[in-house]
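Worth saying up front: this structure is predicted, and the values here are computed from it rather than measured. In what follows, chains are A, B, ... by sequence order, proteins preceding strands, each numbered from 1.
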Amino acid sequence: MPLIPLLDRRLIVVTGKGGTGKTTVAAALALAAATAGRRVLVAEVGLDEHVPALLAPGANPVGYEGRDLRKHLRAMRIDPYEALAEYLGLQIGLRGLARRVLGNRAFRQLMDASPGWRELITLGKIWHLEQMKEADGKPRFDLIVVDAPATGHGLTFLDVPRVVGSAVRAGPLRRHAGWVEEMIRDPQRTVLLPVALAEELPVRETAELVERLRDQVGVAVDRVVVNAVTAAPFPPGLDDLDARLAALPGDLVLPGTPSPATLAACAAHLRARHELNARWMRVLADTTKLGLVALPRIARGVRGPDELALLADALVAPPREPSA
Amino acid sequence: MSAPLDPAALVRDRHIIVCVGTGGVGKTTLAASFALAGARLGRRTAVLTIDPARRLADALGIAELGNQPTDLPRERLTALGVPPEGRLAALMLDMKRTFDELVARFADSEEARQHILGNRIYQHISDALAGSAEYSAMEKVFELSERRDFDLIVVDTPPSQHALDFLEAPRRLVEFLDSRLVQLLLHPALAAGRFGVRLFQRGSERVLHLIERVSGVSFLEDISEFLLAFEGMSEGFRERAREVQARLVGPDAAFVLAASPAKQATRHALEMLARLSAAEVPLAGVVVNRVHTWPGGGPTPDRVPTADREDEARRALAAAFAHTEGSGFPADEAARAALAVADGYAALVRADAESTAELTGRVAKAGGFVRRVPELSGDVHDLEGLARVAEWVFRTGPENGEDA
């Protein structure tokens, strides 16, 4: 069965271990979608906003209301308390009171102690956004990209509607959890996009994530993004260039250039990095049986839209097929 | 004015070392390397990890074990240069058990204990109230410290967006227990009639009831039951929380920040630094992991080769290749590739220096140490890898990554 192109989805949930570049990938994906003419919303669920700084350096915070950062591209941060106030407002018409009480510090501590509602209300808000329509009946957003909590937490995040569905027997909440559940588990609409680095820890964690997704949560996952991959440093046929550099006479002086030993050390380092990445990508493909989307390491670091654009094309290209 | 801090002095003199930092920056590795260094000095050392990588856990011998310290076998320690009087024990935090043990300690009766342990809110508390991973980690540190069978306790804090959760957890718990809302829920009758209180109580109860109506969950009942059961032990918790906090910011403890040169990671590290200093937690220093360093030392070139010598350099290198490799070798292509690779590597080194400059500058200015661990080309998940990291962290001298 051919893969559904990423940009043809309705909802992409980006997750990954801390430090893998999850937020960067979410931002690059949103940029790719907007560039392709899709109306896209990128939503963060953490405590802080990081997406706006990448897509529009120097921009003010976008907050719960959200803001267009460029044509077709809206960004927001889903604060669970705001979402709860909105939900209670919609359900019982007391948004003002709900907001005031939810703003109380002690009340918040009480709410913090109660499990699951944050995830549920956040997903409920995402469902609500997915359902929004323009006057002409077209969806308000073609695509919603969610920068989800790090793996582990990410799975709990998606599993909450199911848990609620089984724990709560009746009432509006059960019905609403059912709607959210339906969206998350619809393989046409929703896909989880794990982000990994081609190193031992993230690869193992990603493999576990994919396994648990298949076994427990039942959310579609069809590819893995591998971030910051060091490309093969040498042209074909010159695979041992570092060794050849090291074999040059030690007293050789090259104009305007460090010593051959230094050149050899640079080459050896990048080669080792490349081989390590290649090895762990093979492990990742073998264990997950999924296609990989490799994003190049950007030496100067991802600072803003220019670097995101470099990643965007690679991100939406069809994944490399898993090795047979 | 005390002597400038350095990692070697910390592992020699301190009793508790807390490694803080965001996820993915090698905090666990750092904690383990500090512990190894302590054991090498002959100290009885324990390292508390939260979620170690499989192979590191295996290497430390805690893959199957939980909440109690497990010593590394003597022959492994000897191989790593740990003298006979030195010990290295590792343990992995089991949040739930730590918290349960705490409840058992402070419950005033068996009935109260059972009541709490069986309460639905309590069962979820490990995920939420006052950041229980943080609280449990601290509690464990305190427990180990009280037992007095370790000279040095190194702790790897839970990955958290806010490093200070770890330090603030006990205070938040106490604050929560003392909060007006909790008091109201516990003693609604007492509060009745007091100005301003009633309205708030009515408002909050109304919302709680509405939440219950919408959710079909008996939220209020669970919470008041939990709080009632908890009340009897809150004084014990409060006292303990104060002691734990005092010990962690006291002169026998030290905080070390782990960081990495990735843009997002340095941003987080700076946020963390600001919070630590706002909370007046003295930071001993920062260790930046996985930094690209220019081979052989010396300043990193802006371009390789310098712009004015490009053709000349390429021709000279090609000629050298032609000489060593003989004819038939694509000497010109190899020379081009070699120079491009070095230029690309220099860009990585410069990017890392630039992205970490603000962080290391601030730490150094505040009197903390700065250590950089070079990217070791491989992953570090075994004891030999740890020893390699430790070597970089505990070296001295300005040429070894220490900032002047």
*Can you measure from CD1 (A/Ile298) to CG (B/Leu348) and round to the nearest 0.5 angstrom?*
11.5 Å
*Closest non-hydrogen atom pair, B/Val341 against A/Ala267*: CG1-CA, 3.6 Å
*May I ask you to say whether A/Glu307 pairs ionically with B/Lys263, meaning some side-chain N is under 4.0 Å from a carboxylate O?*
no
*A/His269 versus B/His292: any side-chain heavy-atom pair under 4.5 Å?*
yes
*asked:* Could you report the tightest heavy-atom contact between A/Ala299 and B/Ala351, atom names first, then the distance?
replied: O-CB, 3.1 Å
*Checking A/Val302 against chain B: side chain, backbone, both or neither under 4.5 Å from a heavy atom?*
backbone
*asked:* Heavy-atom cut-off 4.5 Å, strictly under: side chain, backbone, both or neither for B/Glu325 against chain A?
replied: side chain
*Evaluate the side-chain proximity of A/Leu263 to B/Leu317: yes if any heavy-atom separation is below 4.5 Å, no if none is.*
yes
*Who wins among B/Ala265, B/Ala347, B/Ala338, B/Ser355 for the most heavy-atom pairs under 4.5 Å with chain A?*
B/Ala338
_Less than 4.5 Å to any heavy atom of chain A: does that hold for the side chain of B/Ala334, its backbone, both, or neither?_
both
*Does a salt bridge link A/Arg300 with B/Glu354, judged by any charged N lying under 4.0 Å from a carboxylate O?*
no
*Toward chain B, the part of A/Leu54 with a non-hydrogen atom under 4.5 Å*: side chain
_chain A contacts, top residue of B/Gly298, B/Ala346, B/Pro295, B/Ser260 (heavy-atom pairs, under 4.5 Å)_ = B/Pro295
*Measuring heavy-atom distances to chain B, does A/Arg297 have an atom under 4.5 Å in its side chain, in its backbone, in both, or in neither?*
side chain
*To the nearest 0.5 angstrom, please state how far the OG1 atom of B/Thr324 sits from the CG atom of A/Leu248.*
5.0 Å
_Are A/Leu238 and B/Phe329 packed together at the side-chain level, in the sense that at least one heavy-atom pair is separated by less than 4.5 angstrom?_
yes
*So do the side chains of B/Trp294 and A/Pro258 get within less than 4.5 Å of each other, counting heavy atoms only?*
yes
*Below 4.5 Å from any heavy atom of chain B, which atoms of A/Thr230 appear? Answer side chain, backbone, both or neither.*
neither
*CZ of A/Arg244 to CZ of B/Phe321: how many Å apart, nearest 0.5 Å?*
8.0 Å
*Using a cut-off of under 4.5 Å for heavy-atom pairs, which of B/Arg315, B/Glu312, B/Arg267 has the most such pairs with chain A?*
B/Glu312
*What are the two closest heavy atoms between B/Ala313 and A/Pro255, and how far apart are they?*
CB-O, 3.3 Å
